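Below: the structure, in structure tokens.
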Amino acid sequence: MLVLRSPAKINLFLKVVNRRLDGYHNLASLFQVIGLSDRIHISISSDNRVDQLTCTDPTIPIDHSNLILKAANLFRSKTGLTFSVKAHLEKHIPHQAGFGGGSSNAATTLWALNQLCGVPVATPELMHWSADIGSDIPFFFSEGTAYCTGRGEIVRELPAPKQTNLWLVKPKQGLSTPAVFKKLDFKNLSIRNPEDSLESYLQGNPDYFNDLEEPAFAAMPELANLKLSLLSAGFDTVLMTGTGSGFFCLGEATPPCESNLFCTPSNFLNRSANSWYI
Ligand code: C5P
């Protein structure tokens with residue numbers, strides 16, 4: 001059995017480039033793994049029983065729509081190996097938040113199954129396969145900091161950033177990814193060149209922005225007020241991550257953690273080449 005950390009992510013900047021013929025959007029985004037994490041307990045058996053998934057959060061589906069079991073199916077079909085999976089998910093990452101919890105669970109499962117099977121597959125191959133079941137999954141096979149393009153599945157590894165004061169805040173209500181993309185108004189998108197944003201970041205003058213904030217605020221107007229209240233708490237940067245409804249806050253301040261908010265300090269997290277996130 002393996003017990004692995006399954007960490008969340010934030011998008012330090014996110015540019016929507018265009019809408020594609022397949023219905024997805026081309027993005028250009030700086031992704032960073034963070035310390036907020038689920039934990040996955042996983043074992044395999046060759047006795048051909050059905051897969052078994054349990055979760056500490058009863059609102060999370062534990063059937064084959066769960067990305068842990070989708071990852072198990074993907075690994076088996078790509079490798080031709082036959083085994084059943086028993087997994088338990090300790091859920092701490094809020095869902096519908098833009099923190100990539102489900103994607104991280106899928107990546108962690110693929111990494112774990114590869115270890116449990118004696119490492120038959122190289123990490124770049126796991127990364128490549130994982131795009132079949134979700135656009136944000138390949139990123140987690142980087143070492144924790146990457147510039148991602150295409151649907152999000154084209155991953156350019158970057159050096160880890162310096163640690164800084166980081167808070168995560170999310171209202172109780174979540175946002176569905178397709179719903180936010182549907183609210184996108186291309187006339188209102190920023191005209192930034194994301195390669196310039198990347199260059200500024202690498203030179204130590206980051207320009208944090210998220211083109212999906214406006215459509216998310218249109219879908220859930222109270223998010224704009226939450227952002228204002230976090231800025232007035234004294235943070236330098238308050239930005240929605242992914243399609244929301246979670247925010248990350250950077251700067252020397254503490255958010256007003258009311259009972260209707262998920263609110264936690266966190267940190268940037270990177271992994272070394274041959275191990276998973278610890
Ligand atoms: O790839 P994933 O399953 O995570 O995507 C979920 C949904 O998010 C897609 O069906 C699509 O509506 C939207 N999406 C998008 N453009 C992306 C990523 C996701 O429009 N780059």
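Counting starts at 1 for both ligands and their atoms, following the listed order. We're numbering straight along the sequence, starting at 1. Only a predicted model underlies this, so the values are computations on that prediction, with no experimental measurement involved.
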Those residues that, when tested against Lys182, pass salt bridge (Lys or Arg N to Asp or Glu O under 4.0 Å) (two or more places apart):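 Checked Lys182 against salt bridge (Lys or Arg N to Asp or Glu O under 4.0 Å); zero matches.
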Under the ring-ring contact (aromatic ring centres under 6.0 Å, His included) test against Phe141, which residue among Trp129, Tyr277, Trp276 passes?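 Going through Trp129, Tyr277, Trp276 one by one, the ring-ring contact (aromatic ring centres under 6.0 Å, His included) with Phe141 is satisfied by Trp276 alone.
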Where the side chain of Lys91 meets the backbone of Arg39, is there a donor-acceptor pair that is under 3.5 Å apart?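 No, because the side chain of Lys91 does not come within donor-acceptor range (under 3.5 Å) of the backbone of Arg39.
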Look at the side chain of Arg271 and the backbone N and O of Ala273, then say whether any donor-acceptor pair between them is shorter than 3.5 Å.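 Between the backbone of Ala273 and the side chain of Arg271 there is a qualifying donor-acceptor contact (under 3.5 Å).
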Other hydrophobic cluster members with Ile278, side-chain heavy atoms of Ile/Leu/Val/Met/Phe/Trp/Tyr under 4.5 Å, chained?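 For Ile278, no cluster forms, as it stays isolated from other hydrophobic side chains.
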How would you list, by chain and number, the residues with a heavy atom under 4.0 angstrom from ligand 1?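 Gly23, Tyr24, His25, Leu27, Gly134, Ser135, Arg151, Thr177, Pro178, Phe181.
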Solution key, residues 109-127 side-chain donor-acceptor pairs under 3.5 Å, sequence neighbours excluded:
{"residue": "Thr109", "atom": "OG1", "partner": "Asn105", "partner atom": "O", "Å": "2.7"}
{"residue": "Asn114", "atom": "OD1", "partner": "Val121", "partner atom": "N", "Å": "3.1"}
{"residue": "Asn114", "atom": "ND2", "partner": "Val121", "partner atom": "O", "Å": "2.7"}

